[in-house]
Asker: 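A single structure is presented below for examination.
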Amino acid sequence: MKNLLNKLFKLEDNGTTILKEIEGGVVTFFAMCYILFLNPIILGNLGLKQEQIFTATAITAIAGCLIMAFVANKPLGIAPGMGLNNIFALTICVANGFNFYESLSICFLAGIVYLILTVTNFRTKIIKAIPDFLKKAMSAGIGLFIAVVGLTGAGLIAPNPNTIFSLGDLSLPTTWIALFGLVVIMVLNALHISGAIIISILLSTLFGIILTVSGLNTGIVFNGFVSLPMAPPAEGFIEGFKTLDFSKILQILAAIFSVCFIAMFNVTGMIGASSNHLNYKDDKDVKRVLLADSMAFMSSSMLGSSPSTIFGETMSGIEAGARTGFANLITAILFVLALFFSPLLSVITPQITAPVLVMIGVMLMANTLEINWHDYKEAIPAFLTIFLMPMTYSIINGIAFGILSYILLKAITYRKKEGTSFFKEIPPILLILAVMFILNFILEYI
């Protein structure tokens, strides 16, 4: 078995072991599994039962993780993406008036476009055109974004109309669980104890159960152990094409553009964030990741779910030691089990996984050391990238302002030198991106 796994996933070549991969896959699952409950809530008001969306979400995650495991051999967890599901529900369905099945068909068309952008190397060229310091800033920004998601979900940070954010209510038992987990994971990491992430999750779960049994309201609910999954709305995209109103071609094209755009740059940011840990040997290695991502994206609509993408929370598994697709295989297996043991997942609350997300933020902030903060042509775009991701609750906004400010400052400070040109300083692909970002803002806000 060991030799087979090593042959399939090149464990030794990537400096990892079976146990490390299993741990990484388990951690990734627990960091991502919240989508099983959030996606049905977001999509559940569109005419389908939440149980159907739950099944579709799980199957989409299973397919995405397996595709990434065997096509790219990378531990990048894939599932229906937050943000993309909101566009699906609020923009395509509610604002544009398409029903659930018609929206699936639109996302299937977006998947075809997304795949074409991948096989024509357009996405690879984008990644190569982005300066290294901006990739480091994207990584740090994603880290902060993930940490803010964790802290707000745990109740340690609360919205405040006067100060934007404020400290959460420390008198709540749910907050105690998050604080307990934060202390555990900080101490374990400071002592360099292996398995700090999974140990933190297990101890926080146990602490939460103890508080719940004591009669405190922790949000942990026991709904039994086993339940049979309900059939997903698979093949719904085919039904959608039968009733899709192509007289709304502008709305359809706008939806395709928005979905592809957000997915593309979310993944671009994730490749940058994971590059310090994963062995991207060459452009072909990156292209395999992009191909797996686009295949998973297309399959999501065929499986009855909103579009899938690489999860930022997958960094938790990478930080735990995952380096190959074997970890993704473990994550996929756990999603399979989740189909039948969904009641048990209600025990793993956001307060339990929040400390893991905070530690990801700590680890990814190390990328800022490689940014030249004394050169304002780097410092300003890097700062905007890092700051705007958590502050606007959007990875894409941070990337957009980082690239736009970089191009602006480069253009203003450009001085022609012998043997150089403006387009060598700023690759044309970046100028195309700038136009796409501006168009995206126009479509969204004007």
Side-chain angles (χ1 to χ4, degrees), residues 26-42 44 50 54 82 143-191 193 195-227 311-313 315-317 319-320 334 337-338 341-363 390 393:
V26 171
V27 169
T28 294
F29 170 77
F30 281 118
M32 291 175 58
C33 68
Y34 70 87
I35 194 64
L36 292 172
F37 301 100
L38 283 184
N39 213 38
I41 292 172
I42 293 170
Q50 289 193 358
F54 177 93
M82 291 297 294
L144 277 183
F145 175 75
I146 291 171
V148 168
V149 169
L151 290 170
T152 52
L156 286 171
I157 290 180
N160 187 309
N162 298 318
T163 61
I164 303 177
F165 289 115
S166 63
L167 189 64
D169 189 348
L170 300 183
S171 67
L172 296 175
T174 51
T175 311
W176 301 348
I177 296 173
L179 288 172
F180 173 83
L182 194 56
V183 170
V184 170
I185 202 168
M186 287 192 302
V187 171
L188 292 176
N189 275 284
L191 295 174
I193 294 176
I197 291 176
I198 192 68
I199 292 172
S200 169
I201 291 174
L202 292 174
L203 290 180
S204 296
T205 302
L206 178 61
F207 180 63
I209 291 173
I210 292 172
L211 293 181
T212 304
V213 172
S214 301
L216 297 174
N217 182 13
T218 62
I220 294 175
V221 179
F222 298 99
N223 291 320
F225 294 94
V226 180
S227 65
F311 263 52
E313 288 82 355
M315 286 302 300
S316 60
E319 293 291 351
L334 291 174
L337 293 176
F341 293 91
S342 58
L344 291 179
L345 292 178
S346 60
V347 175
I348 309 296
T349 63
Q351 292 76 29
I352 290 171
T353 56
V356 176
L357 303 185
V358 173
M359 280 308 303
I360 295 171
V362 173
M363 295 166 180
Y393 224 67

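Heads up: numbering here begins at 1 and tracks the sequence.
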Asker: So which atom in Ile220 and which in Ile177 form the shortest heavy-atom distance, rounded to 0.1 Å?
Answerer: CD1-CD1, 4.5 Å
Asker: Test side chain to side chain contact (heavy atoms under 4.5 Å, CB included) on Leu211 and Asn217 and set out the steps.
Answerer: CA-CA 8 Å; Leu211 293 181; Asn217 182 13; over 6 Å; no
Asker: Considering all heavy atoms of both residues, which atom of Thr175 and which atom of Gly155 are nearest to each other, and what is their separation?
Answerer: OG1-O, 4.2 Å
Asker: Check Ser204 against Ile352 and note the closest heavy-atom contact, atom names and distance.
Answerer: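 Result for this residue pair: CB-CG2, 4.0 Å.
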Asker: Can you name the nearest heavy-atom pair linking Ala338 to Phe29, along with the distance?
Answerer: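 That closest heavy-atom pairing would be CB-CZ, 4.0 Å.
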Asker: With side chains defined as the heavy atoms from C-beta onward, is the minimum distance between Met363 and Asn189 less than 4.5 Å?
Answerer: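 Yes, their side chains come closer than 4.5 Å.
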Asker: Might you work through the side chain to side chain contact (heavy atoms under 4.5 Å, CB included) test for Val184 and Phe207, ending with a clear yes or no?
Answerer: CA-CA 11 Å; Val184 170; Phe207 180 63; over 6 Å; no
Asker: Under 4.5 Å between any side-chain heavy atoms of Ile210 and Leu206, yes or no?
Answerer: yes
Asker: More than 12 heavy atoms of other residues, nucleotides or ligands under 6.0 Å from CD1 of Ile164: is that the case?
Answerer: no
Asker: Would you name the heavy atoms of Thr174 and Gln351 that are closest together and state the gap between them?
Answerer: O-CG, 3.0 Å
Asker: How far apart are the C-alpha atoms of Val148 and Tyr393, what are their side-chain angles, what is the distance that settles it, and do they pass the side chain to side chain contact (heavy atoms under 4.5 Å, CB included) test?
Answerer: CA-CA 9 Å; Val148 168; Tyr393 224 67; 4.1 Å; yes
Asker: Got Val356 and Phe30 here, is their nearest side-chain heavy-atom distance under 4.5 Å?
Answerer: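 Of all side-chain heavy-atom pairs linking Phe30 with Val356, none is under 4.5 Å.
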Asker: Using the side chain to side chain contact (heavy atoms under 4.5 Å, CB included) criterion, which residues pair with Asn160? Sequence neighbours excluded.
Answerer: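 Side chain to side chain contact (heavy atoms under 4.5 Å, CB included) list for Asn160, sorted by chain: Asn162, Thr163, Ser166.
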Asker: Evaluate Leu170 against Leu179 for side chain to side chain contact (heavy atoms under 4.5 Å, CB included), listing each step before the verdict.
Answerer: CA-CA 9 Å; Leu170 300 183; Leu179 288 172; 4.1 Å; yes
Asker: Which heavy atom in Gly361 sits nearest to a heavy atom in Ala147, and how many Å separate them?
Answerer: CA-CB, 4.3 Å
